[in-house]
Each structure stands twice: as structure tokens, then as C-alpha cells.
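One structure is given below, encoded as C-alpha cells.
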2 protein chains.
Amino acid sequence: MSANASYQEIGEIFDRHDSFVILSHVRPDGDAIGSQLALAFSLEAAGKKVRVINEDGLPDNLRFLPGSDLVELPPAEPLDVEVAIALDTATKPRLGSNALNAASKAKLWLNIDHHKSNPAYGDVNHIDSSSPATGEILYKLITALNLPLPDQTRDAIYVAVSTDTGSFQYPSTTENTYLMAADLIRRGLDVGRINSQTYDSHPYRRVELMRALLNTLELTGEDRVAHWELTMATAEKLGLKPEDSEGLIDIIRAIDGVTVALFFEELPDGKIRVSMRSKDPRVDASEVCGQFGGGGHALAAGIRMAGPIAEAKQRVLEAVCAAMPVA
Amino acid sequence: MSANASYQEIGEIFDRHDSFVILSHVRPDGDAIGSQLALAFSLEAAGKKVRVINEDGLPDNLRFLPGSDLVELPPAEPLDVEVAIALDTATKPRLGSNALNAASKAKLWLNIDHHKSNPAYGDVNHIDSSSPATGEILYKLITALNLPLPDQTRDAIYVAVSTDTGSFQYPSTTENTYLMAADLIRRGLDVGRINSQTYDSHPYRRVELMRALLNTLELTGEDRVAHWELTMATAEKLGLKPEDSEGLIDIIRAIDGVTVALFFEELPDGKIRVSMRSKDPRVDASEVCGQFGGGGHALAAGIRMAGPIAEAKQRVLEAVCAAMPVA
């Protein structure tokens, strides 16, 4: 079944089954973990047996979420569960091979997501690309079905939506998103505390990383292209974790007059990861990244390519400058 | 009259008079300019004559607001207006001496603010410290009175409230704040564009300032006190404007384990400005700043003190460390 299932049809699946494993994508962000916890605590409060599995476990920066220790690394043996639920994950392999193995005994796959590109790989699917976050779909689902909405679910939904909208700023934010936030406060959300925990609590090494990146910042292409780099030597010296660099590219994307921002990063396997952001629809980041085997969206795309980093930079910057409109 | 005037009483002032000058505080931020423009366009649409004056004029970073060229520097001669309206300004002198001179012929002073400390210096006052921004008070006022709410007012209110709540994050944010944002979207607000204009468009020199500050960052007091400095030499080299450093102290306030963050800045007159942020209610920033003739709130305070900067740093850091609770 590839057509979107209604909330009611999903509710019937919840009614008819007793045990669930909830999954989300590798390198989980706020919407991934927030969505997993939100649905898990709602189903648990409805009397269901729930396991929450993530290929990469719980990142440190989301450990403040109430009940977050529910998130487990995949066990070696497949779980005895009836239903597997994939949340916020555009393709099935993005769930991770160990997580897929853990869920391999499930007889029914439910796939709930807001990524337009999701090919509806579940047995039952609900893809709503008009929602700015999977957490907002779950809010609509839980309230529509009158499922319990315990405090852990309330806080997890808020963090999922807040982080996926850049704190209610991105164009995907709608009237309903703000109405949802108002309702979560009505339900007792401590908005000051949860935002402080989400945004005001970074490890010192993230600030050291910011400094290291800024010290490599360069402008090119008539100052319309900003780029910086992170070498393995710096990553090792600072003891960085993958989540430390999350969102930092926004610092240089926000420079007035800059059209394209680029982050070049050496990976342990010798490859170079390139993150690209465009502020001008005439410069299609996914097209430029596609020239090097990468991909993504028009305004946010990426590449994983051969090094060394100096050579990768030169090749990609040339392609970016060639794609720039005449000033 | 020092008791709070009702919306109805304020509406009667608008009805009975024809000409208004709208003022706000020196070094205006988003809530100051946003509030001035919001009320000005609403009153203009209601057929009133309105002038918008700010002691320091319109800052570059708010020039994107539709209709912002309405904001004038104070004219040399007092304006012929019936009513002066002070918005978002805790004390009358904070309006600036030239602006006060421009408004000196007004027969009636209306004072609308959300600062708890506002001594109600108007003839008619409405102080609502439960509102996270003066812009939100104006939204309530305009909608309660059924005044026109043109697009310029809509956008200005959003920017006023968004900037004064750290994008809907601070503890002052309420259910009504989110309901207001939902209503502004219903009225046609382009949420993606206005946030991009508010937050994603900094001059390059702000990023250079960030780099310069990070390169002076130090931790002390068992790593619970973070501080950085800006010298006049750096400010001149980068050609900084006052608004460039706005909010940057949040970068070091957000470090895990840091209780107090400090920003030391050399001023052109040789004095040192100190900005202090505390994350722990047991460390009262206003008390520590008070030891040096400064003041403010418990979690955010400041000092203007004698230099040189190295000496000021040593004295203030000693006082901060003495005020820290035992770890």
C-alpha cells in the first residue's frame, strides 16, 4: 500500500498489536530522537510494549530529554516484536544495518515521515511533506487519535519541531506549528528550560571548533562564496564528536552577500565530506554536488569524495564559481 | 496617573487626538524599532498624523523592515504634535536628549512598556511586565481596539517579539506569544523570509569580530567563568558598528559548565564596558556589577568602569570568582 494511510488506519494498527519497535535514522538529530521518544511514551502510556532502537544510540546533546535513556543501541539478536515503526527516515537503509537486523522479525512495517523523497517503503505509510518535522505529524496523529500525551511526549515533540525549524524560523513553519507550540505550553511545557537545554548547553570543544573553523575561513568568487575546513588533525586534537559541527555552517551562510557556503571536512577513511548551502535558487547545490557524485536539495546538499582536501577544495570551488550567476 | 491605563483608555487618547510622535530608546533593538513601526503604521492607517523619531536613527540590521524609512533622526526644532508615545523604554532619559527635545511640545505623554522597573513616567501608562516584548503589548492593544493592522505592522510586531524572545525561546515566551505568531501567519506573514532577513544576514565584519573574540577566549574559576575581550584597536581595524556585537556573548554563555560569561570592551572614551551573564541564580550578576557602580538584572548585568582593560578584567574576574558558589 503506497497511498497515505489515515490517522484512523494507523490507530487501528496500534489497537490490533501489542509490541512495537520504534526506529529512526543514523546520526540522529532532534527530530529523529524526539519523534522516537514522543511516540514511544504515548504508546507505553496506552499500555503497549515498546522498544526504542537507534543504530547510533542517543547523542549526548539530547540526553536532557526526559526518558531519553529509553533509546538503546541495536541488540545483536532480532527482537520479538509485531510492528516496526520507522520515523523521519527517507530511505530504509538509513535506519542502519544493525537496527534493521534488530527489527527483522516484525511482521508489519509502518513508515511515518515528512521527507518528500520518501518512497513509502513501509507496509503502511504516512508521508506528509507539508509538516516541518516528523514530530509535528506525531502531534497531529496522537491528538487526532486521543492517545495519551504524557510529559515526555510533550517535551520530545517540542524539541523535534523546534530543532527541525531552526526555532520556528524556517519557511516550513506554519500557523499550525505555532498553534501546536501554544498547546504544548498549555499542557505544561517549561519553554524556557527546554530551550536552554536544547540550545544553550554546548561542550567547550564546540566553541574551540568554531574558533578553529573561523581561523580557516576564506571568501572567494567575488566574496559570494564562503568556505572553511576541518582537518583530521584538528578533529583529533579537540576530541570532536560528530554532533559538534551541527549547524555551524549557518554562521558563514548568514554573511551578507554570500550566496554559497561550504564546509570541507577530512574523514577518518581519507575521504572528504563537503556540505554546501545555497541562498540563491539560481545556484542549485544538488546539481553542483551531483557533478561529484553527491546530492541533496537545491539549497542544501553534500558530497563524499576523494582527497586530499586541498585538491577537493579546488575542484569543488571551481564548480561552484562556474555555477554562480553573473553578478 | 500611575495605575495602568486600560486598552480602552488608550484607545480614547488615539480617538481624541490627531498628531503623534512615537519614540523609543537609544541604541534601538528589534523590539524598539519594531514597536515604533508597528504602532505608527496602525495609527497612520487609522488616519492619524504620525512621526517616528529615534535618537540613534534606524540601525542597518533592521532596514529590511517594510516602511522602516519612516524612522527619522530627531529634528533640531521641536515638532508640533499633540501626543508623545514612548515605547519599550524603561526610563525617560533613555529616549535621548535630542529625541526628548523633538517631542517637547507634546501636551500628553503615553508610556507603553514591558520593563518591570519602568517608573510610569508618562501622563498615561501601560506597563505589562508579563509580556515578553513591547511588540506583544501593541499586538494586544491593536487587536483589542480593532485598529487597522497593515502588513508593515504585522511584520514589525513579529520581528519585535521574535528578537526579544530569542526566537520564541526565553522563559518569558507564553502560550499567547505562540498564538500571536500563528495569527500573524494567518494574516499573511512570510515567516521564512522575515526570519532570514532578521537572523541570516550579518555583515562580514560580525564574523570577523566573532573570530577575534574567540581568539581571546579564556576560562577561569575552575572553568566556570568564560571571558573574552574587544580592544579599540580591533574595533577600528574591523570598522565595527555598535550592533555588531549584539548577542555574541551567548556563544560563551552556552558552554557546558560555564556559570558566568563576561565581555570586556574598550570604549572610545577610555572606559571599559563589561557585560556579564549568569546561568546560576546563586551568582547575582547585578550584585557583582554593583560593586563597580554597574547594575542590571540577576542574570544579565553590566558595568562601565575605568581602564585600562587588563586592570578592569583582573578586578572584575576576582569579584566574580569570589561570588561563585563552592563547586
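Lettering follows sequence order; numbering is per chain, from 1.
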Exercise. Given that the side chain runs from C-beta out, which part of A/Thr198 has a heavy atom under 4.5 Å from chain B: side chain, backbone, both or neither?
Worked result: neither
For this session: Using a 4.5 Å cut-off on heavy atoms from C-beta on, say whether the side chain of B/Tyr204 contacts that of A/Ile252.
Result: no
For this session: Answer whether the closest heavy-atom distance between the side chains of B/Asp250 and A/Asp200 falls below 4.5 Å.
Result: no
Exercise. In Å, rounded to the nearest 0.5 Å, how long is the span from CD of B/Glu208 to CD1 of A/Ile255?
Worked result: 8.5 Å
For this session: Kindly write out the residues that satisfy side-chain contact (heavy atoms from CB on, under 4.5 Å) with A/Asp190, not counting sequence neighbours, or none if the list is empty.
Result: A/Arg193
Exercise. Got a sec, which residues hit side-chain contact (heavy atoms from CB on, under 4.5 Å) with B/Thr231, two or more places apart in sequence or on another chain?
Worked result: B/Glu229, B/Ala233, B/Thr234, B/Glu266
Top contributor to chain A contacts, counting heavy-atom pairs under 4.5 Å, from [options]:
options                                : answer
B/Lys279, B/Arg211, B/Met210           : B/Arg211
B/Val207, B/Ile194, B/Thr165, B/Val258 : B/Val207
B/Ile251, B/Leu213, B/Leu184, B/Asn215 : B/Asn215
B/Ser162, B/Gly192, B/Ala254           : B/Ala254
B/Arg205, B/Arg253, B/Met180           : B/Arg253

Problem set entry | Under 3.5 Å donor-acceptor, A/Ser167 side chain and B/Ser167 backbone | yes
Problem set entry | side-chain contact (heavy atoms from CB on, under 4.5 Å), paired with A/Val191, selected from B/Tyr178, B/Phe168, B/Tyr170 | B/Tyr178
Problem set entry | Interface residue of largest heavy-atom contact number with chain B, from A/Gly166, A/Ser201, A/Pro203, under 4.5 Å | A/Ser201
Exercise. Can you tell me if NE2 on A/His115 sees more than 12 non-hydrogen neighbours from other groups inside 6.0 Å?
Worked result: yes
Seminar exercise, completed: Cut-off 4.5 Å, heavy atoms of chain A, and the answer for B/Ser172 is neither
For this session: Could you pull out the closest heavy-atom pair between B/Thr173 and A/Ile185, with the gap in Å?
Result: O-CD1, 4.3 Å
